[in-house]
Amino acid sequence: MLVSSKDLILQARKKKYAIGSFNFSNLETLKAIISAGEKLKSPLIVSTTEKAIAYAKVEYLSALAQKAAAQSPLPIVLNLDHGKSLETVSLCLENGYTSVMIDSSHLPFKNNITITKQVVELAHRQNVPVEGELGELGTQSFTDVSQVRQFVEQTGVDFLAVALGSAHGVQKEEHLNLEILEEITKQTTIPLVLHGGSGLPDEDIKQAIRKGICKINIDTDIRTAFKQGLKEGLAKDESDFREILKFSIEDMIKVVEDKIKLFGSENKA
Ligand code: G3H
Ligand code: 13P
Ligand code: ZN
């Protein structure tokens with residue numbers, strides 16, 4: 001069933017596991033995520049970025065996710081990932097998203113607060129939780145710990161994405177700064193989110209979960225599996241694209257299963 005992210009993530013934090021937020025832009029990826037979740041009985045967050053929405057239309061993506069969630073025994077959240085404006089957030093709320101992220105982390109601190117606060121006011125009117133971001137990923141800098149308390153108090157966000165050294169995509173030698181994570185947890189009790197989950201060592205992820213991360217975003221590893229599966233499918237003497245795409249789906253299922261096990265959300269649905 002389709003659910004709000006709030007209780008799921010709070011439960012994850014209490015029990016010290018993390019829920020995967022898996023990006024999708026098409027039917028095949030969504031099917032793979034849900035198959036993996038159902039096999040391992042894991043709650044799921046399925047996420048779309050603005051680019052996914054531009055590619056596949058918000059109406060199609062939300063209809064796919066809502067129908068899939070309605071037929072599934074799992075609690076499934078439909079989340080806007082890295083929303084950049086109030087307009088995108090409104091569009092997603094109109095289309096039944098049950099969680100939204102506003103990412104103004106690239107703006108000066110005060111502007112980040114102002115926009116995030118506006119989104120919180122809008123989304124909370126519809127009982128939809130909001131994730132904000134403090135500290136820009138992939139910039140070689142970390143979340144400024146001295147800003148955390150003020151950001152959380154003044155915006156009213158439900159969850160906070162923090163920059164700990166990961167970047168979107170797979171980079172060489174990616175590691176998390178767990179000392180900064182510890183400092184952040186002294187400043188706020190709201191659930192913390194890790195972006196850029198692909199390419200990080202498993203041990204860093206496990207420790208981050210132990211220290212308070214309870215939502216982890218994964219995109220690149222799924223895309224890589226899609227591409228790998230596509231190559232396998234194309235290597236067959238097959239002209240039915242559905243048969244070809246089955247290879248992509250199978251490879252993506254394996255990736256999502258591995259993440260669910262790593263995050264500890266197996267048998268938590
Ligand atoms: O932020 C999440 C992504 O990995 C980038 O996704 O290409 O759909 O914007 P995108
Ligand atoms: P990766 O592409 O590194 O998995 O990051 C995903 C992400 O943070 C989506 O918001
Ligand atoms: Zn991200």
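Residue numbers start at 1 and run along the sequence shown. Treat the numbers as computed from the prediction; the structure is a model and nothing was measured. Values reported hereafter were calculated over all heavy atoms of this structure, with side chains retained and with hydrogens, waters and symmetry mates removed.
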Peer 1: Checking salt bridge (charged side-chain N to carboxylate O under 4.0 Å, His left out) for the pair Arg223/Asp219: CA distance, chi angles, key distance, verdict?
Peer 2: CA-CA 6 Å; Arg223 294 186 196 196; Asp219 190 356; 2.7 Å; yes
Peer 1: Report yes if some heavy atom in the side chain of Val145 is under 4.5 Å from a heavy atom in the side chain of Gln187; otherwise report no.
Peer 2: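 The answer is yes, as the side chains (C-beta and beyond) meet within the 4.5 Å cut-off.
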Peer 1: With a 4.5 Å heavy-atom cut-off, do Cys214 and Ile19 have their side chains touching?
Peer 2: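 Sidechains of Ile19 and Cys214: no contact.
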Peer 1: To the nearest 0.5 Å, what is the distance between CD on Glu38 and CG on Leu44?
Peer 2: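 Between atom CD of Glu38 and atom CG of Leu44 there are 8.0 Å.
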Peer 1: Inspect the contact between Glu121 and Lys117 and indicate whether a charged nitrogen and a carboxylate oxygen are less than 4.0 angstrom apart.
Peer 2: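 Looking at Glu121 together with Lys117, the answer is yes, because their closest N to O distance falls below 4.0 Å.
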Peer 1: Quick one: closest heavy-atom pair of Ile180 and Thr143, and the distance?
Peer 2: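 So the two residues come closest at CG2-O, 4.1 Å.
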Peer 1: Is the ring centre of His82 less than 6.0 Å from the ring centre of His168?
Peer 2: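 Centroid distance His82-His168: below 6.0 Å, so yes.
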Peer 1: Are any non-hydrogen side-chain atoms of Pro129 and Thr98 less than 4.5 angstrom apart?
Peer 2: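 Not in contact.
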Peer 1: With the side chain counted from C-beta on, respond yes when Asp81 and Phe22 share a heavy-atom pair under 4.5 Å apart, and no when they do not.
Peer 2: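 No; the side chains remain at least 4.5 Å from each other.
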Peer 1: For Lys41 and Gly37, indicate whether the former's side chain and the latter's backbone hold a donor-acceptor pair under 3.5 Å.
Peer 2: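 Not confirmed, Lys41 side chain does not pair with Gly37 backbone.
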Peer 1: Is it the case that atom OH in Tyr55 sees more than 12 heavy atoms from other parts of the structure closer than 6.0 Å?
Peer 2: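 It does not: Tyr55 OH has 12 such atoms or fewer within range.
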Peer 1: Take Asn26 and Thr29, measure what side-chain hydrogen bond (donor to acceptor under 3.5 Å, both in side chains) needs, and give me the verdict at the end.
Peer 2: CA-CA 6 Å; Asn26 60 13; Thr29 309; 2.5 Å; yes
Peer 1: Please examine the side chains of Phe247 and Leu234, heavy atoms only from C-beta on, and report whether any two atoms are closer than 4.5 Å.
Peer 2: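 Side chain of Leu234 against side chain of Phe247, heavy atoms only: no contact under 4.5 Å found.
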Peer 1: For Ser104 and Leu107, indicate whether the former's side chain and the latter's backbone hold a donor-acceptor pair under 3.5 Å.
Peer 2: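 Side chain of Ser104 to backbone of Leu107, a donor-acceptor pair under 3.5 Å: no, none is there.
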Peer 1: Within the distance-only criterion (no hydrogens, no angle test), does the side chain of Ser166 pair as donor or acceptor with the backbone N or O of His195 below 3.5 angstrom?
Peer 2: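 A pair under 3.5 Å: yes.
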Peer 1: Rounded to the nearest 0.5 Å, what separates atom CG in Leu192 from atom CD1 in Ile213?
Peer 2: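 With rounding to 0.5 Å, CG (Leu192) is 5.0 Å from CD1 (Ile213).
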Peer 1: Taking the side chain as everything from C-beta on, heavy atoms only, tell me whether Lys259 gets closer than 4.5 Å to Val255.
Peer 2: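 Yes, their side chains come closer than 4.5 Å.
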Peer 1: Check for a donor-acceptor pair, side chain of Ser72 on one end and backbone N or O of Ala68 on the other, with a separation under 3.5 Å.
Peer 2: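 Not a single qualifying donor-acceptor pair exists.
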Peer 1: Short question: side chain of Ser248, backbone of Ile244 - any donor-acceptor pair under 3.5 Å?
Peer 2: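 Checking the backbone N and O of Ile244 against the side chain of Ser248, no donor-acceptor pair under 3.5 Å is found.
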Peer 1: So, are Glu257 and Lys254 salt-bridged, with charged N and O less than 4.0 Å apart?
Peer 2: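 Here Glu257 does not pair with Lys254 in a salt bridge, since their nearest N and O are not under 4.0 Å apart.
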Peer 1: With salt bridge (charged side-chain N to carboxylate O under 4.0 Å, His left out) as the test, would you mind laying out the steps for Lys211 and Glu182 before giving the verdict?
Peer 2: CA-CA 7 Å; Lys211 289 179 193 292; Glu182 267 178 34; 2.4 Å; yes
Peer 1: Are the charged groups of Lys31 and Glu28 less than 4.0 angstrom apart, N to O?
Peer 2: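 No.
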Peer 1: Once rounded to the nearest 0.5 Å, what's the spacing between atom CG of Leu245 and atom CZ of Phe226?
Peer 2: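 If we round to the nearest 0.5 Å, Leu245:CG and Phe226:CZ are 5.0 Å apart.
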Peer 1: Asn217 versus Val193: any side-chain heavy-atom pair under 4.5 Å?
Peer 2: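 Side-chain contact under 4.5 Å: yes.
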Peer 1: Kindly give the heavy-atom pair with the smallest separation between Gly169 and Glu174, and that separation in Å.
Peer 2: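 Closest approach of Gly169 to Glu174: O-OE1, 3.6 Å.
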Peer 1: With distance as the sole test, does Thr116 use its side chain to make a donor-acceptor pair with the main-chain N or O of Ile113 at under 3.5 Å?
Peer 2: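 Such a contact is absent between Thr116 side chain and Ile113 backbone.
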Peer 1: Is there a donor-acceptor pair closer than 3.5 Å between any side-chain N or O of Asn112 and the backbone N or O of Glu133?
Peer 2: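 Between the backbone of Glu133 and the side chain of Asn112 there is a qualifying donor-acceptor contact (under 3.5 Å).
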Peer 1: How far does CD1 of Ile102 sit from OG1 of Thr88, to the nearest 0.5 angstrom?
Peer 2: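 Between Ile102 CD1 and Thr88 OG1, I get 7.5 Å after rounding to 0.5 Å.
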Peer 1: Please find the pair of heavy atoms, one from Pro191 and one from Leu10, that lie closest to each other, and give the distance.
Peer 2: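 In terms of heavy atoms, the two residues are closest at CG-CD2, 3.8 Å.
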Peer 1: Is it the case that the side chain of Asn95 and the backbone of Leu91 share a donor-acceptor pair, with hydrogens and angles ignored and the cut-off at 3.5 Å?
Peer 2: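 Yes, the answer is positive, given that a donor and an acceptor are paired below the 3.5 Å cut-off.
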Peer 1: Give the minimum heavy-atom separation between Ala123 and Leu93, together with the two atoms involved.
Peer 2: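 Heavy-atom minimum between the residues: CA-CD1, 3.9 Å.
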Peer 1: If you apply the rule side-chain hydrogen bond (donor to acceptor under 3.5 Å, both in side chains), what do you find for Asn79 with Ser47, and how did you get there?
Peer 2: CA-CA 5 Å; Asn79 174 53; Ser47 293; 3.0 Å; yes
Peer 1: Does Tyr17 share a hydrophobic cluster with Ile33, counting links as ILVMFWY side-chain heavy atoms below 4.5 Å and allowing steps through other members?
Peer 2: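 No; Ile33 is not reachable from Tyr17 via cluster members.
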Peer 1: Look only at the side chain of Ser198 and the backbone of Asp221, and say whether a donor-acceptor pair between them is shorter than 3.5 Å.
Peer 2: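 Yes, because the side chain of Ser198 sits within donor-acceptor range (under 3.5 Å) of the backbone of Asp221.
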Peer 1: Which pairs count as salt bridge (Lys or Arg N to Asp or Glu O under 4.0 Å) when at least one residue sits in residues 91-109, sequence neighbours excluded?
Peer 2: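 As it turns out, the salt bridge (Lys or Arg N to Asp or Glu O under 4.0 Å) pairs with a partner in residues 91-109, which skip direct neighbours, are Lys84-Asp103.
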Peer 1: Could you check whether any side-chain N or O of Thr220 sits under 3.5 Å from a backbone N or O of Val170, counting only pairs where one atom can act as donor and the other as acceptor?
Peer 2: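 Checked: no pair found.
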Peer 1: Does any non-hydrogen side-chain atom of Cys92 lie less than 4.5 Å from one of Val58?
Peer 2: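 Yes; the side chains approach each other to less than 4.5 Å.
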